[in-house]
Amino acid sequence: MESLFDSSPDQPGKIRNRRAGLIDGVDQADPTAFRLSKRELRQMDPQHRLLFECAWHALEDAGIPFDAVRGSRTGVFMGVNFSDFQRMLTKDWSALDGYAVLGTTASFAANRLSYAFDLRGPSTVSSVGCASSTVALHEACRALMLGEVELALAGGVELMLSPDSSIMLSQAGVFSEQGQCRTLDAKADGYVRGEGAGVVVLKRLSKVDASDRVYAVIRGSAVNHNGRNEWIMAPSAGAQAEVIRSACEHGGVDPASLDYIELHGSSFLKGDAAEADAIGEALGTQRPFPCRLGAISNNLGYQGAAAGIAQFIKVCLSLHHRVLPPTIHVDAPNPLIDFDALGLRIQSEREPWPSRAAGVPPRAGIVSTSLGGANGFVVLEAAPQAVDAGRAEASGHLLVLSALTPEGLRQRALQLRDFLAATPESSLEDICFTAAFKRQHHRHRAAVVAEDLAGLVERLGLLARPGESSVLAQAGQPEQRVEAARAFVAGGAFDHDAMGARGGRCVSLPVHPFQRQRLWPEWLSPEEVCRSPTEARADASTVLQAAARVAGDAREVPAIQGEFQMRAFLRGQLAQVLEVEPTTLDAEGRTFFELGLNSIGATQLKERLARALELTLSTTLLFELPRLEPLAKRLVALQEAKGARKREAVSVSEQEDTGLVERIAGLSEDEAREQIARTLAQLNLEVA
């Protein structure tokens, strides 16, 4: 920041404010969850990595096990704008490889999710500036209504990884000199940027079953453009009013029935006034109650491509909890907005959602705009209240948990322990039902069986200790339940009867604890990232880049005899390509591709093996034999065949040499001289 900050509004190559809403740890990822090599993850845009984590957690919170959507017509619709990471990688052309293509191409923000979860529906990215994630939501809704998909993941992301985009925006004059977003306030003078990512799971209301938990219902959505305006970045109140009316019409909703609207929140006096005018025009001014206005940008910063999904999640949670949160940073209302005449009111305090006439559910909307003139609007309605069947809590409870690694399982136990201790009013029956039937079960598993909340909390704490059994049961629990716990830990499944109760509802539980580690191209140091293209680059010896790109020196290879030694050699070579410790490579019964290898890594591994073993190997070899044991057997066979050919060639050569010696020995001295002279003449050589 010291090298980039300059308070002057138009200083070239500088950023005029010091503030932003930043996320910690964007340089980190969990290679086990991705099932990708560290080398590939280092070349992947952190925006794509963050969306993957959000999609994982969204499916968990929705109560949809990953196995339930594999191969399904599930669509992925994401909003992405800037490509900071790609621009940084191109500072060094020698750092660009096949992984950079997979890791930085914008479409892979969605395609990566479809691949990881085996989703067969559309997989698209919307890039329409700050309205990107709202447009992605709209496209997801259209695909669902048209029957193109059964389920949809929708969201967006925005990270600030390079100074370039902030320099451009600063030079465009959109940053606040105060360093705050003050939407609806008289002192609004621009915005500060914010980082964020979010993903939601959408499906048709008719497909919701009794066990599902629904945050809100989308009644309608619409997008449009300002058309030709006074200039391309200028807002259009008329176009915004039209998109609000269009969304309400599609949803069969009277615009006047909206209780609350979440503003886009660009934090400019004129831009905020245009939004307010559009809302007043679309909703009508002759309403019995004012429409409340708020803006999450005042809390988190201006989220760019993730703005729409941040607004959407805020309003869904508000409807779910029937609470309107306050809008901060509003000391005096924007003087360009006549709130009373427009029938509007700033939501300045936290208060319950207002009640309307009987049969009229709480309703809200979110507004999206962009610098390029795109507009969007989504109409939301409170979900139908779940019917409480008056169930009695079961006697005794079985709580199962799982994770990708032993350390993840320990953290999962601590997560659940702390969650249960902090929410004693929660239904243990629903919690155990959700953990058993609404979550994906991973490789490392554990279970606790106890009579009550205190018993579960105690055993979860014990489970987190090293060396404890994977099944901890309180004395006196039914043997059937304990056996079900043991069967689950052993990798089996169980039915509802094992839970000790019939049915249950999906509830929110702590989400999977990713085991994240720093995975960043180390040559992209802070100095390199902030280096202007006009400045000389640091001396090559100080740029740590070679290790990530060197394929490896395979010349020093120990003598390999038999399949056992070949398997050990293969494990070491595979570990180097994947950049993991060989001892942590759990290859038993798993393919190379399940361990994180892809076609680029397979090519690198094939070349290493060919060079080390001095064999000519087919490019398709690793696809034909994608497991350690059969590949080792094939390589040993190829080595033996090569050795046999070499021995045969040596034998033929020895026989030829022996025959030549015998022929030369049978020549007289005159015959020998004559043969030598004839040979020299053929070669045009003269001997004195």
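When a residue number appears, it is its place in the shown sequence, counting from 1.
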(message) I'd like to know if Lys314 and Glu262 make a salt bridge, using a cut-off of under 4.0 Å between side-chain N and carboxylate O.
(response) yes

(request) Test side-chain contact (heavy atoms from CB on, under 4.5 Å) on Leu169 and Leu371 and set out the steps. (result) CA-CA 11 Å; Leu169 289 168; Leu371 291 178; 4.3 Å; yes

(message) Using 0.5 Å steps for rounding, measure from the CG atom of Leu570 to the CD atom of Gln573.
(response) 8.0 Å

(message) Can you confirm whether Tyr115 sits close enough to Ser123 that some side-chain heavy atom of one is under 4.5 Å from a side-chain heavy atom of the other?
(response) no

(request) Heavy atoms only: give me the nearest Leu578-Ser37 pair and the separation to one decimal. (result) CD2-CB, 3.3 Å

(request) Spell out, as yes or no, whether a donor-acceptor pair under 3.5 Å connects the side chain of Glu614 to the backbone of Ala612. (result) no

(message) Could you tell me if the side chain of His441 sits less than 4.5 Å from the side chain of Val400, heavy atoms only?
(response) yes

(message) I need the single residue from Arg49, Met78, Met44 that forms a side-chain contact (heavy atoms from CB on, under 4.5 Å) with Arg112. Which is it?
(response) Met44

(message) Please check this pair: side chain of Thr104 against backbone of Asp45, looking for a donor-acceptor N/O pair closer than 3.5 Å.
(response) no

(request) Could you tell me how the ring of Tyr191 sits relative to the ring of Phe175: parallel (under 30°), tilted (30 to 60°) or perpendicular (over 60°)? (result) perpendicular

(message) Looking at Gly103, is its backbone amide N or carbonyl O close enough to the side chain of Gln43 to form a donor-acceptor pair, meaning the two atoms are under 3.5 Å apart?
(response) no

(request) Check whether any side-chain heavy atom of Asn298 lies under 4.5 Å from a side-chain heavy atom of Ser267, and answer yes or no. (result) yes

(request) Please assess Thr74 against Ser72 for the test side-chain hydrogen bond (donor to acceptor under 3.5 Å, both in side chains), listing each intermediate value before the final yes or no. (result) CA-CA 5 Å; Thr74 297; Ser72 67; 2.7 Å; yes

(message) Can you confirm whether Gln515 sits close enough to Leu404 that some side-chain heavy atom of one is under 4.5 Å from a side-chain heavy atom of the other?
(response) no

(request) Check the pair Leu153, Leu59 against side-chain contact (heavy atoms from CB on, under 4.5 Å), reporting the backbone distance first and the verdict last. (result) CA-CA 9 Å; Leu153 299 178; Leu59 286 168; 4.0 Å; yes

(message) Is it true that Gln411 and Gln415 share a donor-acceptor pair across their side chains at a distance under 3.5 Å?
(response) no

(message) Just verifying a value: how many Å separate Arg410 CZ and Thr405 OG1, rounded to the nearest 0.5 Å?
(response) 10.0 Å

(message) Pairing donors with acceptors under 3.5 angstrom, does anything connect the side chains of Ser508 and Tyr215?
(response) yes

(message) Using every non-hydrogen atom in the two residues, find where Glu53 and Ala29 come nearest and quote the distance to one decimal.
(response) OE2-CA, 4.5 Å

(message) Looking at Phe108, is its backbone amide N or carbonyl O close enough to the side chain of Thr105 to form a donor-acceptor pair, meaning the two atoms are under 3.5 Å apart?
(response) no

(message) Please give me the minimum heavy-atom distance between Gly308 and Ser133, naming the atom from each residue.
(response) N-OG, 3.2 Å

(request) For the pair Gln47 (side chain) and Leu159 (backbone), establish whether a donor and an acceptor sit closer than 3.5 Å, ignoring hydrogens and angles. (result) yes

(request) Kindly say whether Arg87 contributes a backbone atom to a donor-acceptor pair with the side chain of Asp84 at under 3.5 angstrom? (result) no

(message) In this structure, is the centre-to-centre distance between the rings of Phe514 and His57 below 6.0 Å?
(response) yes

(message) For the backbone of His512 and the side chain of Glu60, can you confirm whether one donor and one acceptor N or O come within less than 3.5 Å of each other?
(response) yes

(message) Quick one, Phe569 with Leu613, criterion side-chain contact (heavy atoms from CB on, under 4.5 Å). Give me CA distance, side-chain angles, the key distance, then yes/no.
(response) CA-CA 10 Å; Phe569 170 70; Leu613 302 175; 3.8 Å; yes

(message) Checking the side chain of Glu195 only, and the main-chain atoms of Met160 only, is there a donor and an acceptor separated by less than 3.5 Å?
(response) yes

(message) Counting C-beta onward and ignoring hydrogens, is there a side-chain heavy-atom pair between Pro46 and Asp27 closer than 4.5 Å?
(response) no

(message) Testing the basics here: between Ala136 and Ala154, what is the closest heavy-atom pair and its distance to 0.1 Å?
(response) O-CB, 4.4 Å

(request) Would you give the length of the straight line joining atom CD1 of Ile328 to atom CZ of Arg182, rounded to the nearest 0.5 angstrom? (result) 9.0 Å

(message) Could you check whether any side-chain N or O of Thr620 sits under 3.5 Å from a backbone N or O of Phe623, counting only pairs where one atom can act as donor and the other as acceptor?
(response) no

(request) Could you check if a side-chain atom of His442 sits within less than 4.5 angstrom of a side-chain atom of His444, using non-hydrogen atoms only? (result) no

(message) Determine whether the aromatic ring centres of residues Trp56 and Phe34 are separated by less than 6.0 angstrom.
(response) no

(message) Give me the atom names and distance for the closest heavy-atom approach of Ala305 to Gly79.
(response) CB-O, 4.0 Å

(message) Nearest 0.5 angstrom please: Arg18 CZ to Leu4 CG, how far?
(response) 10.5 Å

(request) Over all heavy atoms of both residues, which pair between Ala58 and Val199 is shortest? Give the atoms and the distance, please. (result) CB-O, 3.4 Å

(request) Calculate, to the nearest 0.5 Å, the distance between atoms CG and CG belonging to Leu414 and Leu460 respectively. (result) 8.5 Å

(request) Measure the shortest side-chain to side-chain distance between Val157 and Ile309 over non-hydrogen atoms and say whether it is less than 4.5 angstrom. (result) no

(request) Indicate whether the side chain of Asn81 and that of Ser132 have a donor and an acceptor atom separated by less than 3.5 Å. (result) no

(message) Quick one about Ser176 and Gln180 (side-chain donor to acceptor, distance below 3.5 Å, no hydrogens or angles considered), yes or no?
(response) no

(request) Report yes if some heavy atom in the side chain of Val315 is under 4.5 Å from a heavy atom in the side chain of Val378; otherwise report no. (result) no

(request) Considering only NZ, NE, NH1 and NH2 on the basic side and carboxylate oxygens on the acidic side, decide whether Glu177 and Arg16 come within less than 4.0 Å. (result) yes

(message) Between Leu597 and Thr591, is the side-chain contact (heavy atoms from CB on, under 4.5 Å) condition met? List the steps.
(response) CA-CA 9 Å; Leu597 200 70; Thr591 69; over 6 Å; no

(request) Give a yes or no on whether the backbone of Gln11 and the side-chain of Gln171 come within a donor-acceptor separation of less than 3.5 Å. (result) yes

(message) So for atom CZ, which belongs to Arg571, do other residues, nucleotides or ligands contribute more than 12 heavy atoms lying within a distance under 6.0 Å?
(response) yes

(request) Answer with yes or no after comparing the ring centroid distance for Phe52 and Phe117 against a 6.0 Å cut-off, counting only values under it. (result) yes

(request) With rounding to the nearest 0.5 Å, note down the distance linking CZ in Arg120 to CZ in Arg73. (result) 12.5 Å

